There are 4 protein chains.
Amino acid sequence: MQLLINPSDELPIYRQIMRQITEAIAGGRLKSGDKLTSHRELSEQLVIAPLTVKKAYDELEALGFIETQRGRGTFVCATLPQPNLEKQIGQIQAAARKLLSQAYLAGLGFPDVVKALEQADRELTEGPAAPQEKESV
Amino acid sequence: MQLLINPSDELPIYRQIMRQITEAIAGGRLKSGDKLTSHRELSEQLVIAPLTVKKAYDELEALGFIETQRGRGTFVCATLPQPNLEKQIGQIQAAARKLLSQAYLAGLGFPDVVKALEQADRELTEGPAAPQEKESV
Amino acid sequence: MQLLINPSDELPIYRQIMRQITEAIAGGRLKSGDKLTSHRELSEQLVIAPLTVKKAYDELEALGFIETQRGRGTFVCATLPQPNLEKQIGQIQAAARKLLSQAYLAGLGFPDVVKALEQADRELTEGPAAPQEKESV
Amino acid sequence: MQLLINPSDELPIYRQIMRQITEAIAGGRLKSGDKLTSHRELSEQLVIAPLTVKKAYDELEALGFIETQRGRGTFVCATLPQPNLEKQIGQIQAAARKLLSQAYLAGLGFPDVVKALEQADRELTEGPAAPQEKESV
DNA sequence: GTGGTCTAGACCACC
DNA sequence: GTGGTCTAGACCACG
């Protein structure tokens, strides 16, 4: 797992970590049972405080994506959470609306957004080509 | 303009207001020259502190979406900001990746996401059917 | 809310806080909508680090017992989590088994345990009379 | 003795072993003088490190439940420890309070808890029907 | 004043 | 080595 974090991003570092790991799972680059880098080692790689990585791991565990075995490490769960579909769909609708309004305000059209999605699909599968971008409205 | 805010949402209230107004502009429900509800009146409608609405308006003004005319009120700008396209495209890519990973983790596929986009397009045009959803990863 | 913590207890401090708050909710001493002491103020009262209280609050929020509104405070949720009954029953069975085996090993009988339960019921309703006890096997 | 361990349980593995053995003693399934599986053999059965089993046995020995006879094996003590009754009663009260608050939060009532106790009594006597459950608040 | 985030460093329990 | 917990202090965003 190669992660990229951007300390000056508006999104908190622990969230950047969470997002990149869930994206790796969504894209199939992390599979059930895979061992994650220990939070200490990852904190050294990323040059951030161990607690920051730990917080990301803790939240991912609470969400059911990963589980820890004391003394052994942290692993991608065998059975990923099958979240409340209704809630999820609400969130997905919200994300879709945000994406679309951003695009429209930038003068882009619906087909441009679909192209962006196709690009995103490639990135999920192959790993990000570029660093995380800043959030906006 | 009917706005919906959720005080326990992770997104700050002033951001919720900003987002709903920019979405209304993107969807064509608010057009150049339209007058916005005064921040005083809006704060009463939403039962929140006037300063919170004012902050949303201030930020929207700084971004070039709206402008204040002293003694007359606040209006949607005649010429909307044409933001740095590069930056915007980066953000749109990020939003697309987030949207897609959420959907994949929920077990949905690419076509489902395109359908969600089409639904979002309708909502932008006609106004939201449902309240804003909480952010997630 | 008057809380009692015991730093030399085997149970982590943040767990002691969680337990006392959930017990207060279970016993009806804290009701939906009640405002909790801010995590800073509570940390002063208990003479512990603010982060320790915050961790307890964070976990309780993740479990759905309380919710926070930025800048306003933390409140008992209007609708308490109706957790997976199956899981809960499993945990309750485990707790019952633990309780009973402890009692049997101490030479007590089933009726003694029922008496202990009745005493516990009173404590839940009226607030604890004694400090938290140490966990054992 | 058939033991069940769950590496991702919050309760340390050596504690899971201790608890299951003390419960077997409390339920009468293990009696004074009975020979325990050797820690070597048990570690193979459970697919865990031998040191982990040894630690459980060591602690049980320190508590006076079992005793090692060099070259012969490990046995349940002839005279079980008669622990400090006061301390025990305090712990039992705490466990009772925890059990009850869990049940109340799950919407169960006092009689349901008594039923759970009766079920627990059967399990202690006949051996567990289900795997150990995860601890919660 | 409230919560949100982060740091640097420490000690312990577990495997 | 791993994760679990705690401290003391800091800065920022929000209402």
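Hydrogens, waters and symmetry mates play no part in the numbers below; they use all other heavy atoms, side chains included. Letters A, B, ... are given to chains in the order of the sequence lines, protein chains preceding strands, and every chain is numbered from 1. The structure presented is a predicted model; accordingly, all values stated were derived computationally and were not measured.
- At a threshold of 4.5 Å between non-hydrogen side-chain atoms, the residues C:L36 and C:L30 count as touching.
- When distances are taken from the side chain of A:L51 to each of F:dC14, E:dG9, E:dT5, the shortest belongs to E:dG9.
- Between C:R70 and F:dG15 there is a side-chain N or O to OP1 or OP2 distance below 4.0 Å.
- Listed candidates were F:dG3, E:dC6, E:dT5. Nearest to the side chain of A:T52 is E:dC6.
- Put simply, A:T74 has no side-chain N or O that comes within less than 4.0 Å of OP1 or OP2 on F:dT2.
- Taking 4.0 Å as the cut-off between side-chain N and carboxylate O, B:K35 and B:E41 do not count as a salt-bridged pair.
- Minimum atom distance to the side chain of A:K54 is reached by F:dT5, of the listed E:dC15, F:dT5, E:dT7.
- Between D:K55 and E:dC14 there is a side-chain polar atom (N or O) within less than 4.0 angstrom of OP1 or OP2.
- DNA chain E is contacted by both A:I13 and A:R40; A:I13 maps to the nucleotide lying nearer its 5′ end (nearest heavy atom per residue).
- Side-chain proximity of B:P12 to F:dG15, F:dG4, F:dT7: nearest is F:dG15.
- Distance from the side chain of B:Y14 is smallest to F:dG15 among F:dG15, E:dT7, F:dG4.
- For A:D9 and F:dC12, the CG to C1' distance is 15 Å, given to the nearest whole Å.
- Checking the phosphate oxygens (OP1, OP2) of E:dG3, no side-chain nitrogen or oxygen of C:T68 falls inside 4.0 Å.
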